[in-house]
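Written out below as C-alpha cells is the structure these notes cover.
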Amino acid sequence: MRFLVVNNEDIKKGIVTDKYFIWTEKVLKEKNVNPKVVAEVTTSKWGIFAGLNDVLELMKGLPIDLYAIPEGCLYYPYEPVITIVGRYLDFARFETSLLGFICQASSVATQAFKFKLAAGEKKIYSFGTRRMHPALAAMIERAAYIGGVDGVSNYAAEKYLGIPSMGTMPHALIISFADQVKAWKAFDEVVDKEVPRTMLVDTYYDEKTEAILAVENVERINGVRLDTPSSRRGNFRKIIEEVRWELNIRNKENVRIVVSGGLSLEDVLNLKDIVDAFGVGTSIAGAKPVDFALDIVEREGKFAAKRGKRSGMKQIYRDWEKLEDEVRLFNSKPPEGKEPIIQKYIENGEIIRNSSMESARSLALKQIEIIKNIGVEKFLF
Ligand code: PCP
C-alpha cells in the first residue's frame, strides 16, 4: 500500500522539480556553459525562517557551499535567508524542492510567531495538522513549535520530533457516550493522571450550562474548552465572560478557559484578556506560503542580477537589542555594534553546522521578548 506522496529518494535526486530546469540542464550541458555563481533566496516580507533542516538534507553531497540565517531567526524584506555558492548546474534542479521546504515551513513558523505575539502571556496550541496533507504533519508541528506555540496536537510529533503532543477531547467522545457527564468522567478515570482534564463543554447544551455541569461533576477538572461553531456563537466574548463568571462564583478561578474553532489573529487579540489558551488550526497550519525566490547575484566573480534584485553576495548585520539590520557585501567591514547572522552550513557538500529545532525555538522566543520591548504592532500584520 502506498499513499500518493513522492518519496525521499526522488526529492533527493531532483526529480521533484519544475520541467524548465530539466530543459535548462540540457541546454547548458550541450553548450558547455556552467558558470560559477552566487545565488540567494529572498522575499519581500518579514518572517521567521524555518525548513533549513530539510534544505541541508537536500543539498548535502552536492559540490556547493551553502550559507543561511539560523532557523527561528527573524528576517526582513529582501534579506538573503540562504546563499548558495557553486556551479549552476550542480544545484539548478534542486531549486523547486529547496523553495518548497522553506516557503511552507517559514509561513507556518511566522504565523505561530504572530499568534504568540498576539496572545501575550496566554497559550497558543497548534491544532491544525488535520487541515493539511498528513505527510506534512511533522513539518507543520516542527515549524509551529519553532515559531513559539506552547503545544502541538499531532501525536506523530512524539515519534518524528521527540516533543510531547497534547489536546483535549473530540465531540465524538461525548456523543459516543450520548452523555457529556459520563464521557468527562470516563476520560478522567482512564486517561493518564498527568494529562490536564480539559472538558469540552459545547456539545449538547449552552456552554455555561455544560461548564457548570463539568465543574460540578469532575473533581480534578483543569479546564473547559469552547469549540462553539460560528453559527451558534452570537457574541463569543459574552459567552466566554458568562462561563468565567459561573466558574468563579463556584470557586473555580483556576479552571482554565480554552477556546478553538476557526480562530484568527484578531480573535486572539480580542479575547486574550478572558481566555487562557487558544487552539488554532487553519490560521497556523494552513498559512499562505511565503513567496521566497532564488536568484543569481554573482556570475564568475562579477556582480550579476536580474531587474528588481540587488547583485553581490551579502551578509546581514544585526543589532540584537533593537532587532535592526544592515545588509552589506559579504566581506565588507561589519558596522559597529552589529553581529553577522548568515553562517556557513555546507562546505563542499559536507554539513558543517546542524540546525536544531530547540535552538530555533529559543531564538524565536528570544525575539518575541525583544519585540515586546520595542513594540508589537508592526509585527502583527
Ligand atoms: C477541530 C478541533 C479544533 C479545530 C478543529 C481547529 O474541530 O476541535 O478546535 O481547527 P480550525 O482552527 O481550523 O477550526 P472539529 O473538526 O469540530 O473537531 P471536534 O468536533 O472533534 O472537536
Side-chain angles (χ1 to χ4, degrees), residues 104 107-119 122-134 136-137 139-141 143-145 147-157 165-184 186-188 190-191 195-207 210-211 213-214 221-234 236-237 239-240 243 256-272 274-289:
Q104 201 167 12
S107 69
V108 172
T110 303
Q111 276 301 95
F113 188 84
K114 287 183 184 178
F115 272 84
K116 269 309 286 175
L117 272 178
K122 303 303 178 67
K123 307 281 187 211
I124 298 289
Y125 304 132
S126 166
F127 276 9
T129 54
R130 62 175 61 199
R131 305 287 184 231
M132 307 300 283
H133 194 293
L136 303 181
M139 180 281 286
I140 289 167
E141 299 296 44
Y145 187 71
V149 298
D150 300 279
V152 302
S153 69
N154 200 296
Y155 181 47
S165 53
M166 48 75 63
T168 64
M169 59 183 62
H171 293 99
L173 181 77
I174 312 275
I175 297 172
S176 297
F177 282 88
D179 180 317
Q180 60 277 73
V181 175
K182 278 188 191 149
W184 296 330
F187 184 94
D188 184 34
V190 172
V191 174
V195 174
R197 270 58 184 147
T198 304
M199 304 304 163
L200 185 59
V201 293
D202 61 17
T203 309
Y204 295 123
Y205 314 148
D206 182 78
E207 294 75 1
E210 288 208 18
L213 261 182
I221 188 167
N222 300 101
V224 292
R225 177 165 78 104
L226 283 65
D227 191 55
T228 316
S230 52
S231 62
R232 289 274 186 283
R233 255 177 207 182
F236 199 31
R237 189 184 172 86
I239 297 174
I240 299 164
V243 169
R256 293 161 11 115
I257 296 183
V258 182
V259 301
S260 59
L263 296 173
S264 66
L265 207 54
E266 286 80 3
D267 292 326
V268 172
L269 287 167
N270 294 336
L271 300 173
K272 67 175 173 186
I274 50 169
V275 163
D276 298 289
F278 299 87
V280 183
T282 313
S283 296
I284 291 179
K288 182 171 174 259

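Both ligands and their constituent atoms are indexed starting at 1 by order of listing. Reckoned from all heavy atoms, side chains included, excluding hydrogens, waters and symmetry mates.
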> Does Arg225 have a heavy atom less than 4.0 Å from any atom of ligand 1?
Replying inline: yes
>> So, 4.0 Å and heavy atoms of Ala172: is ligand 1 close enough to count as a contact?
In response: no
> Backbone N or O of Leu226 within a donor-acceptor pair of the Asp202 side chain at under 3.5 Å?
Replying inline: no
> Judged by atom type as modelled, is there a donor-acceptor pair below 3.5 Å linking the side chain of Arg233 to the main-chain atoms of Thr228?
Replying inline: yes
>> Within the 4.0 Å heavy-atom shell around Thr282, which atoms of ligand 1 are there?
In response: 11 (P), 12 (O), 13 (O)
Of all the non-hydrogen atoms in the protein, which one sits nearest to [atom], and at what distance?
{"atom": "atom 10 (O) of ligand 1", "value": "Arg131 NH2, 3.3 Å"}
{"atom": "atom 14 (O) of ligand 1", "value": "Gly262 N, 2.7 Å"}
{"atom": "atom 1 (C) of ligand 1", "value": "Arg130 NH1, 3.4 Å"}
{"atom": "atom 9 (O) of ligand 1", "value": "Asp227 OD1, 2.6 Å"}

>> Counting C-beta onward and ignoring hydrogens, is there a side-chain heavy-atom pair between Phe278 and Asp267 closer than 4.5 Å?
In response: no
>> A side-chain contact here means heavy atoms from C-beta on lying under 4.5 Å apart; do Lys123 and Asp276 qualify?
In response: no
> Hey, are Lys116 and Asp150 close enough for a salt bridge, meaning a charged N less than 4.0 Å from a carboxylate O?
Replying inline: yes
> Which one of Gly281, Gly128, Gly279, Gly167 has a non-hydrogen atom at the shortest distance from atom 12 (O) of ligand 1?
Replying inline: Gly281
